[in-house]
Amino acid sequence: MDILRGIAVTPGVAIGEAMILEAADYRIPYRTVADDEVEEELARLDAAFEKSIAGVIEQAEWLNANLGRDAARVFDWHVGVLKDPQLRKNIETLVSEHKVSAAHAVSDVMRNYQRRFMQMTDPLLVERIRDVQDIERRLLRHTLGDQTEDLAHLKEPVILVAHDLTPTQTAQLAATKVAAVALDSGAATSHTAILLRSWGRPGVIGLSDFSTRVSAGDTVIIDATNQLVIANPNRETLQEYEGRAARFGELEHELDEMASLPATTCDGEEIQLFCNVEFPHEASIGAAKGAAGIGLYRTEFLFLRPEGAPSEDEQYEAYCEAIDGANGGTVTIRTFDLGADKYTQQRSYEQERNPMLGLRSIRYSLQNLDMFKDQLRAILRASGRGQLRLMFPLISSLMEFRQAKMTVYDAMEDLEEEGIAVARDIPIGMMLETPSAAIQIKEFCREVNFVSIGTNDLIQYLLAVDRGNERVSQFYTPSHPAVLRVLRDVVKTCTRSGVSCSLCGEMAGQPLYTVFLLGIGLRELSMAPANIPEVKKLIRLVSIPQTQRIARRALSFDTERQVTNYLRDETRKLLPDDPI
Ligand code: PEP
Ligand code: MG
């Protein structure tokens with residue numbers, strides 16, 4: 001039994017067979033073969049080894065001729081591994097005696113091989129893991145040929161285990177039978193995590209090397225509620241988890257009943273709960289979970305598709321679909337937040353050294369005005385169709401906000417000249433995601449119609465912690481006293497200035513912070529649809545004076561640990577039976 005702790009993206013429990021998705025998208029099914037197929041599988045292996053060795057030698061020769069002997073040397077090691085008679089024998093034995101498919105045998109043996117390197121202390125030998133992975137991929141490519149199975153064609157639910165998933169791969173999960181996901185990489189507010197959250201099934205990420213510890217077909221338990229994954233559980237653990245999965249199902253059912261109840265505190269204060277969406281069809285999912293509208297539509301995901309940037313008309317259609325799905329609720333469209341980990345790096349001539357501090361979000365939009373204007377035209381064309389608001393991401397100075405707003409007016413004029421009606425009074429707001437905007441919030445309040453606090457980025461920039469890097473994820477926390485104080489001050493200034501203020505970072509959907517956020521005066525929160533029921537349940541249990549008392553106390557601590565412990569205790573008192 002192998003137990004690992006990671007970061008939960010969506011709570012829940014799932015049990016199933018592992019399916020390993022390689023970086024090269026190889027799916028290696030656990031498959032046994034009939035007695036009379038063994039010969040064929042062994043022949044397949046022979047051919048795969050031959051082709052792999054030939055391929056490596058060819059690559060080494062090319063390197064030798066073009067870049068010299070040193071560059072070619074690493075491939076000598078690959079040839080040595082591929083020619084190792086013991087390795088070959090281990091793989092063949094699995095096929096001939098245990099009757100598993102050649103691909104599964106390759107995967108199983110090569111993963112064991114990787115594990116051996118991981119246990120070594122010599123850093124040079126540990127580096128060999130990458131080479132072993134490379135050899136495994138090469139062998140699999142030749143073993144599977146074009147038999148790679150498509151996730152979309154799964155017949156049974158599986159637990160997807162991968163080193164990483166791109167946002168595009170993650171977005172495709174909705175159309176598959178994948179029951180839960182375990183990833184080596186990622187952090188709680190990475191974009192893959194955000195997409196997994198909106199997918200809604202259990203997931204644990206940031207598991208460092210889990211994908212190399214399991215083989216296809218192994219039984220895996222995902223206990224996202226406790227941030228754990230367990231490979232090859234013993235019988236006792238498995239039985240315990242079957243019980244937990246059933247109880248979790250009941251709890252979810254109970255929470256579903258929350259959808260039709262108002263999000264009102266027990267002393268009658270109404271809280272607006274909105275949903276965050278990445279794709280327009282999710283608007284109706286949010287409405288079904290009880291969302292009052294869309295608080296954040298991350299439009300950049302329209303661009304992250306194989307076909308590339310959408311046309312103005314395609315964008316217009318997507319915005320109309322979101323407005324229609326929101327059932328008359330307000331829809332807040334954020335102009336595309338491209339850059340950093342999304343879209344622009346692959347397209348740029350030279351990658352940025354520091355993309356999180358680079359040409360991203362509104363900065364990218366203002367330097368790519370044609371693309372920006374196309375989007376603004378599409379939004380404005382849809383503006384008469386429902387309650388639409390428009391906001392810009394990552395505003396860091398007043399000049400930037402003004403320039404973005406001017407571009408909106410330019411687009412309005414162009415449309416009007418073409419005889420297309422637009423809602424001239426569309427509210428224009430900003431996302432508050434940078435320390436500079438937080439410091440200048442008073443000045444911003446004179447110019448914006450509304451503020452939406454993006455804590456995912458705000459925390460990253462306040463605490464100087466890359467939000468997507470699992471190596472520093474222990475430093476990334478909304479509980480940091482500096483974060484709490486900034487939030488309190490921003491909300492206070494917005495309230496005094498009469499500017500509507502909401503919070504749409506992942507923090508809004510974490511029950512741990514709900515009471516605090518109400519206590520500092522927030523009355524609008526936007527979160528992944530799956531988080532709405534539990535947050536609503538909590539809201540209905542507290543009074544405003546109680547939240548204010550708890551917020552004051554939370555603000556009095558010096559360290560994040562004290563804050564987390566205190567908020568956890570208070571939340572447990574309110575929801576003793578819920579996993580927090
Ligand atoms: C945020 O930064 O909090 C936010 C909501 O935007 P995103 O997660 O898309 O960067
Ligand atoms: Mg952001």
Side-chain angles (χ1 to χ4, degrees), residues 8-14 174 180 194 196-203 224-226 244-278 281-297 322 325-332 478 502-519 522-544 546-547 550 567-568 570-580:
V9 277
T10 311
V13 176
I194 286 167
L196 285 174
R197 211 163 281 129
S198 58
W199 173 58
R201 290 179 217 162
T225 305
N226 290 304
R244 280 202 208 184
R247 280 199 300 284
F248 194 84
E250 287 162 19
L251 186 71
E252 270 199 317
H253 184 65
E254 185 203 319
L255 283 174
D256 278 347
E257 290 166 4
M258 281 282 144
S260 55
L261 301 174
T264 310
T265 59
C266 64
D267 55 345
E269 181 81 19
E270 199 188 322
I271 311 299
Q272 301 276 330
L273 296 185
F274 293 96
C275 65
N276 294 350
V277 300
E278 284 74 43
H281 72 269
E282 290 166 354
S284 51
I285 302 175
K289 288 273 181 193
I294 298 175
L296 167 65
Y297 175 7
N327 253 345
T330 303
V331 174
T332 304
S502 61
L503 192 143
C504 65
E506 300 308 295
M507 184 184 187
Q510 291 180 266
L512 187 67
Y513 299 107
T514 306
V515 175
F516 171 80
L517 297 177
L518 301 193
L522 277 162
R523 298 292 177 264
E524 278 178 35
L525 301 173
S526 190
M527 62 200 74
N531 296 132
I532 293 178
E534 189 156 31
V535 169
K536 194 192 273 186
K537 185 172 173 188
L538 203 43
I539 290 171
R540 293 171 56 82
L541 292 168
V542 287
S543 69
I544 292 298
Q546 193 181 1
T547 64
I550 291 172
L567 291 179
R568 185 174 291 134
E570 291 298 324
T571 315
R572 280 224 173 98
K573 282 187 215 157
L574 292 160
L575 292 177
D577 300 329
D578 282 18
I580 299 156

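Given the structure is predicted, the values throughout are model-derived calculations rather than measurements.
Residues Phe274 and Thr332 have side chains not in contact (no heavy-atom distance under 4.5 Å, counting atoms from C-beta outward). Side-chain contact between Ile532 and Met258: absent, with no pair of heavy atoms (C-beta onward) separated by less than 4.5 Å. Using a 4.5 Å cut-off on side-chain heavy atoms (C-beta onward), Arg244 and Arg247 make contact.
Taking each heavy atom of Leu296 and Cys504 in turn, the nearest pair found is CD2-SG, 4.0 Å. Between Ile194 and Glu278, the shortest heavy-atom distance links the atoms CG2-OE2, 3.4 Å. When all heavy atoms are compared, the tightest approach of Val331 to Ala326 is CG2-CB, 3.6 Å.
The distance from the OG1 atom of Thr514 to the CG atom of Leu273 is 9.0 Å, given to the nearest 0.5 Å. A distance of 8.0 Å separates CD1 in Ile271 from OG1 in Thr264, rounded to the nearest 0.5 Å. Expressed to the nearest 0.5 Å, how far CE of Met527 lies from CG of Asn276 amounts to 8.0 Å.
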Notebook entry, point to check: How far apart are the C-alpha atoms of Asn226 and Val13, what are their side-chain angles, what is the distance that settles it, and do they pass the side-chain contact (heavy atoms from CB on, under 4.5 Å) test?
Noted result: CA-CA 9 Å; Asn226 290 304; Val13 176; over 6 Å; no
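Remark: Asp267 pairs with no residue by the salt bridge (Lys or Arg N to Asp or Glu O under 4.0 Å) rule, at least two apart or across chains. By the side-chain contact (heavy atoms from CB on, under 4.5 Å) test, Pro529 is found to be paired with Cys275, Ile285, Lys289, residues two or more places apart in sequence or in another chain being considered. Listed by chain and residue number, nothing satisfies the salt bridge (Lys or Arg N to Asp or Glu O under 4.0 Å) test with Glu524 (two or more places apart in sequence, or in another chain). Residues passing the salt bridge (Lys or Arg N to Asp or Glu O under 4.0 Å) test with Glu269, sequence neighbours excluded: Arg523. With sequence neighbours excluded, the residues forming a side-chain contact (heavy atoms from CB on, under 4.5 Å) with Ala8 are Ala224, Gln227, listed by chain and number.
Using a 4.0 Å cut-off between charged side-chain N and carboxylate O, Lys573 and Glu570 make a salt bridge.
Put simply, the side chain of Thr265 never gets that close to the backbone of Arg540: no donor and acceptor are under 3.5 Å apart. Formation of a donor-acceptor pair under 3.5 Å by the Lys537 side chain with backbone atoms of Leu255 is not found in this model. Counting only distance, with no hydrogens or angles, the side chain of Arg201 and the backbone of Thr10 share no donor-acceptor pair below 3.5 Å.
Sequence neighbours left out, the pairs with a member in residues 505-518 that pass salt bridge (charged side-chain N to carboxylate O under 4.0 Å, His left out) are Arg197-Glu506, Arg298-Glu506.
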